[in-house]
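I have placed the structure first, in the form of structure tokens, so that the comments after it can refer back to it.
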Amino acid sequence: MKVVVSVFPSKTLQLQTTRSWDFMGLVESDEVPRNLTTESNVILGALDTGVWPELPSFSDDGLGPPPKKWKGACKGGKNFTCNNKVIGASIFAFESARDVDGHGSHTTSTAAGRHVDHASFYGLAEGVARGAVPSARIAVYKVCEGQSGCEDSNILAAFDESIADGVDIITISIGLQSAISFSEDSIAIGAYHAAQKGILTVNAAGNSGNASVSISSVAPWLFSVAAGSSDRRIRDKVVLGNGKTLVGYSINPFKLKKGLFPLVFGVGSSQCSKDDIKLCAADCLDDNVKGKIVVCDASEDIAIREGFRAGALGILAKASIEYAQLFPLPAIKLESDEFEELLSYLNSTKYDTHSAPFINPKANILKSFSFNDTSAPYVIKFSSRGPNRITPDILKVNLKHNLAFPFSPSNSSKSFAPTILLQPDITAPGVEIIAAYSPLASPTGIDGDDRSANYTIISGTSMSCPHVAGASVYIKSLHPDWSPSAIKSALMTTARPMSPSKNPDAEFAYGSGHLDPVKAANPGLIYETLEDEYLTLFCKLGLSKEQISLITGNKSFSCPKISTRNKSSLPIDVNYPSLSAMVDIGKPFNVKFSRTVTNVGDANSTYTVEVESPKEFTVTVNPTSLSFTSLNEKKSFDVTVAGKGFSDEGSSSVVSASGSLVWSNGQHNVRSPIVVYIVYMGSISEEHVVTSEYHIDILQQVLEGSKTLQLQTTRSWDFLGLVESDVIPRNLTTESNVILGAFDTGVWPESPSFSDDGFGPPPKKWKGACKGGNDFKCNNKVIGASTTFDSARDDNGHGSHTASTAAGRHVDHANFYGLAEGIARGAVPSARIAVYKVCGGESCSDSDILTAFDEAIADGVDLITISIGSTNAISLYEDSIAIGAYHAAQKGILTVNSAGNSGNTSSSVASVAPWLFSVAAASSDRRIRDKVVLGNGKTLLGYSINPLKSEKGLFPLVFGVGSSQCSKESIRNCSSGCLDEEFVKGKIVVCDNSYDSVIDEALRAGALGVLSRVAIEFAQFYPLPAIRLEPNEFEELLSYLNSTKNPKANILKSFSFNDTSAPYVIYFSSRGPNIIASDILKPDITAPGVEIIAAFSPLASLSSLDDTGGNEMSANFSILSGTSMSCPHVAGASVYLKSLHPDWSPSAIKSALMTTACPMSPSKNQDAEFAYGSGHLDPVKAANPGLVYETLEDEYLTFFCKLGLSKDQIALITGNKSFSCPENSTRNQSSLPNDVNYPSLSAMVDVGTPFNVKFSRTVTNVGVANSTYTVKVESPKEVMVTVKPSTLSFTSLNEKKSFDVTVVGKGLSKGPSSIISASLVWSDGQHSVRSPIVIYSNSFAL
């Protein structure tokens, strides 16, 4: 068995090595504090299985010679050459430092690997791979290889050499299964000697969880690291013959052929029992499984090995882990519920070889997929837990440390005496991490798996450890003189607090919290530990002189005769950043901790204490404030924790209560957890026997690498689930046959987003031409153009942005002045685009729009996107977009239209026609903010997209200084003409105003930057550094201005963050209800429309503001917000559906996207469906909606009559001059919605009047021929919803079924709360076809 199990990174998952570093905020950005000079002077000592030096992660391109302090040599043995990155190597009992296991290459590159573009596994998961400090040097100490383990003698020798060589930080992802005495722990001993020389050792906590007292890295001078999840996780799916899909754990790059394959269970050798065959026990499967997918009623990896040996096509087994692994064949491990679903399917079919094919159980295992885990971070099950235990009198055991499989001691003490230091210390990403690997190592370690790779995916505390090691290297580069305990303290006290609700073991699972390297760069205060404190600890532990000598190397030290083993005072003597104490069961306790902090923040500063304590104890701190007058000044304080005692109850081996202590000066928050606990001695296992799956000590997690903003055009499509992956349904033949008509300001045809490289000629159905005017050429991507202007070339940027968002090509390295470098693409990059320039500057005339519709229809486009509209809804017969779109719909062309940017006001939606697809704008999970640093050290957060890099230092800050011709208020508001160049030039101006005009005025006057109030909730680009501040932040700014005579500040570059509350509708997005057709719910759907990066015109101004400052910046890609940006997302999704279903009507495509939309939360969107319509776009789910609501033209004609339109008005819309409404048709509001077969159900009723509304709908089956759908209704208590019939049975595709929905209520009150939301879902177990139901009163808009 190989030591390491690896996983495939793949394009399917869009993983990037940098995901874990970006997840923790350590992005590659000028906004992150860096010292590039000292970074290449820091040396990381890697004690592991060696490295593969030729990998690009260890390239020395651009690096100078090793630091002068380096005293080591390249003693890597056979076939190993060092360079200016890997500056040294040593081996101990091995032939070469070359890595043949992969573990060492993975851990070392995670910590300090170079920036590697296009790192991939067989072309999959192409992206950037890097460590925390890519320019740091590496010294390799090979202490392990294969199954020989990691000998104590090799580990101690490696520590001795690395100390002598001059390394700065040591990383060692190696350990035992459980803790042993310090005097017998080679890692603890070696790390102690390293600490004596100023070297911090970072160590994996162990993979023996989920058991209390399982942590093996317990010495207080070690930095022990637990493993947490990050926000990018991996799963896989198996599709069963009955159409159901099960989700399980696997990293699977294999692509099986299309179709389904035989599924077998309990078929095997006659030499084995039935139970062993079902378990897939060793040698129990025979040739009957070849080419088939085997079900194994077992969770052990031996089942996978057996299936692979027997020639199975794939494996479905039980899961005993909570992370994805790599296997040598398509294999998925299923949770209990999913596995029972699989068995139920097997039991419902026959699987003997004589059965008819249609009743044989079948399945197909898909490629893996990734998803955004918004619950991250949480500690993974395999990560070892505290409290720690130290056993001075443990029997000597065979001390072989292990990488993937911790050792089981042959003997153990009958009892143990715990120390009371909280461990682990900290948590970092350790799940599904991608990094460098050894091409000689098997990806899985299973015999017969002969693949090799330079990068792979692994999980374990072995993967979390180098993240903290890399962060320590980063801190060392900024603070070269900091001690090991100072670096450790900085990272612990700034760690992000984690949730005990997600981690039942609380601090014993995650320690001080989750690693936050950037925050640790400036911690404010640190806890430094002196060697004398460790000596006192040894004495209190009862260690003998000889045992202390083994640890410290000091043979002359003896404990004072008065020292005793007094557990109540154990923690008091170590100045540790966390506070923990074990107390007696059932007895009152009063524990005192003495601590000392050192000021490393602001010379003159005062910190006050904030305490959070549970009901189980009280916390008193004395003194409650600490005042400093100089750097490196020390202050001491006492913490007393008192409680009535823990009762002897419960089933847990450990019972604890947690609090926290925070020292804060307004800028820094120095946090220490406080934990008091009891241990039930008899309940703790003396040996923690854990399955090998928890000991894989190999990890992968790819992070989205990027620049300051970390934006990627694909972020919105990935957020919607439409990733570039083989797991997503695609029809590549028809994709390039779909033509999108883009009505806008034209495009910039030379943009790489519109390149035709690799394209064939336009589709034969194309009837248009290239009539783009001056200096405009079409190609096989932009196949046509038409305009009434001089040229279809985009000089505004809006048209290039929207067209590329919908259907732009895949463009690598798209960026905005070097920022946000990444991939830009539309939903269907191979679709064709026809350009219709209908706007010049800010105007878009009705005549140009109607002309464009006529041309597009004649040219043969399939869909139209138009991010244009009026500020308010107008009559349908006066609305050029509605009229043109109606004619397009008559010819089978769907028109997607932006809902408008007139929110946040009721009845503001402008796109109201039922045949238009109206799109609202929402946030995605990637948002942008900016920071301003004030002269007092405080940092304020605001809205801005700022790629402009100011010089280092602080700049004068002015407020209320201006022209004598203006009032003081006008000057403070930065009103036009009121700033005086003499006073503001080269300074940052504060404007007590939220209007854009303040930017213009500041720019005119030569200001260096602007700080103003916010009027928007999204980031914009300005022609100079400028930030919009929320009220609280702006008041903080004013307070600072009033506190000093010489205010200063600096505006930083922007940064991005993961908004876990996304999606929610942005405030500018226009709202319903529909004032033209009150019972047609608008908008229809929501899509990303905030801070979207896409193609732009280099001729266009980057800001809508008057560029009076002479700023001549231009760009090929830019970042914009608006329903203009959400509209092309839905247009692109519609192109995607059209490529899969070329024969679908406009209403079918619209229905599919609406009924599969992700429901949104009314708690985040107070206007509910009037803000978001049917919900948030989910293109992939829409590809197979099950049922669709199709609308016929006769329904629209009846709709016009019910609206009371005249014959002439209807003719203006439809072009049908012969149609007249029946004489008995009337404008009857209560029946308006009944006649349009719309995917949503909405009705306006009279205030205070009981209502009984009936909706009639018809659905068409586009899912499974033989299927039965049952209805599920969710409704509030105010209404009763009845659906008849409650089931719909289909026997063929395209079969139609009708149903009625009745909504009854007592009446609605006046005001904005007079809206009731419900929903109706038709489900056959595979498809869920959802329609919102909205009843509102005619006073809603009042």
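Nothing fancy with the numbering, it's 1 onward along the sequence.
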Atom CD1 in I999, atom CG in L1024: separation rounded to 0.5 Å?
6.0 Å
How many angstroms lie between atom CG of N83 and atom CD1 of I138, to the nearest 0.5 angstrom?
9.0 Å
Checking the side chain of T802 only, and the main-chain atoms of G799 only, is there a donor and an acceptor separated by less than 3.5 Å?
yes
Compare all side-chain heavy atoms of Y1022 with those of L1003 and state whether any distance is below 4.5 angstrom.
no
Assess whether a salt bridge exists between D775 and R793, defined as any Lys/Arg side-chain N lying under 4.0 Å from an Asp/Glu carboxylate O.
yes
Close aromatic pair by centroid cut-off 6.0 Å: F1117 and F1096:
no
Separation between OG1 of T456 and CZ of R451, rounded to the nearest 0.5 Å
8.5 Å
Within 45° cone and under 6.0 Å: K931 NZ/CZ vs F1055 ring
yes
State whether the side chain of K777 and the backbone N or O of E750 hold a donor-acceptor pair below 3.5 Å, judged by distance alone.
no
Here's a test for you: under side chain to side chain contact (heavy atoms under 4.5 Å, CB included), which of S1097, S800, S804 qualifies with V747?
S800
N/O donor-acceptor pair under 3.5 Å between D60 side chain and L63 backbone:
no
When rounded to the nearest 0.5 angstrom, what distance separates OG in S944 from CD1 in I1051?
7.5 Å
Carefully, step by step, assess R927 and F1018 under the rule side-chain contact (heavy atoms from CB on, under 4.5 Å).
CA-CA 8 Å; R927 297 299 303 276; F1018 61 93; 3.9 Å; yes
Under 3.5 Å donor-acceptor, D1059 side chain and D925 backbone:
no
Heavy-atom closest pair, residues I928 and S1054
CG2-CB, 3.8 Å
Positive for side chain to side chain contact (heavy atoms under 4.5 Å, CB included) with H1129, one of V919, V896, I1092:
I1092
First locate atom CZ of F759, then atom CD1 of I783, and finally report the distance between them rounded to the nearest 0.5 Å.
10.0 Å
Min side-chain heavy-atom separation P749-F754 under 4.5 Å
no
Check whether any side-chain N or O of R809 sits under 3.5 Å from a backbone N or O of P752 as a donor-acceptor pair, and report yes or no.
no
Under the 3.5 angstrom rule, does the side chain of S109 hit a backbone N or O of A436 as a donor-acceptor pair?
yes
Do R137 and S40 have side-chain heavy atoms sitting under 4.5 Å apart?
yes
Side-chain heavy atoms of S57 within contact of W52, under 4.5 Å
no
D795 vs K837, test: side-chain contact (heavy atoms from CB on, under 4.5 Å). Steps then yes/no.
CA-CA 11 Å; D795 57 4; K837 183 170 180 176; 4.1 Å; yes
Closest non-hydrogen atoms of D794 and W748, given as atom of the first, atom of the second and distance, are O-CE3, 3.5 Å
Expected output: side-chain E1017 to main-chain I1066 donor-acceptor under 3.5 Å:
no
Evaluate M1125 against I1119 for side-chain contact (heavy atoms from CB on, under 4.5 Å), listing each step before the verdict.
CA-CA 10 Å; M1125 283 64 251; I1119 303 165; over 6 Å; no
Quick one, L1099 and S1114 - any side-chain contact, counting heavy atoms below 4.5 Å?
no
Looking only at heavy atoms, what is the nearest atom pair of C1127 and S898, with distance?
SG-N, 3.7 Å
Atom of A136, atom of A112 and distance for their closest heavy-atom approach
CB-CB, 4.3 Å
Exam field: side chain S105 to backbone G102, donor-acceptor pair closer than 3.5 Å:
no
All heavy atoms of S477 vs all of Y474, minimum pair found to be OG-O, 2.6 Å
Between H798 and S1124, is a side chain to side chain donor-acceptor pair (under 3.5 Å) present by the stated rule, with each step listed?
CA-CA 8 Å; H798 191 274; S1124 284; 2.9 Å; yes
Go through the steps to decide whether H115 and D117 satisfy the test side chain to side chain donor-acceptor pair (under 3.5 Å), and finish with yes or no.
CA-CA 7 Å; H115 177 112; D117 289 315; 3.1 Å; yes
List the atom of V1130, the atom of A1087, and the distance in Å for their closest heavy-atom pair.
CG2-CB, 3.8 Å
Under the criterion side chain to side chain contact (heavy atoms under 4.5 Å, CB included), which of S1126, P1128, C839 is the partner of S867?
P1128
Side chain to side chain donor-acceptor pair (under 3.5 Å), that's the test. Do E735 and S830 meet it? Break it down for me.
CA-CA 6 Å; E735 280 188 359; S830 58; 3.3 Å; yes
State whether the side chain of N252 and the backbone N or O of L366 hold a donor-acceptor pair below 3.5 Å, judged by distance alone.
yes
For the residue pair S452 / Y437, report whether a side-chain donor-acceptor contact shorter than 3.5 Å exists.
no
Look at the side chain of S791 and the backbone N and O of N774, then say whether any donor-acceptor pair between them is shorter than 3.5 Å.
yes
Hey, what do you get for CG (L55) to CG (N454), rounding to the nearest 0.5 Å?
5.0 Å
Could you walk me through whether T734 and L1140 pass side-chain contact (heavy atoms from CB on, under 4.5 Å), step by step?
CA-CA 7 Å; T734 58; L1140 296 174; over 6 Å; no
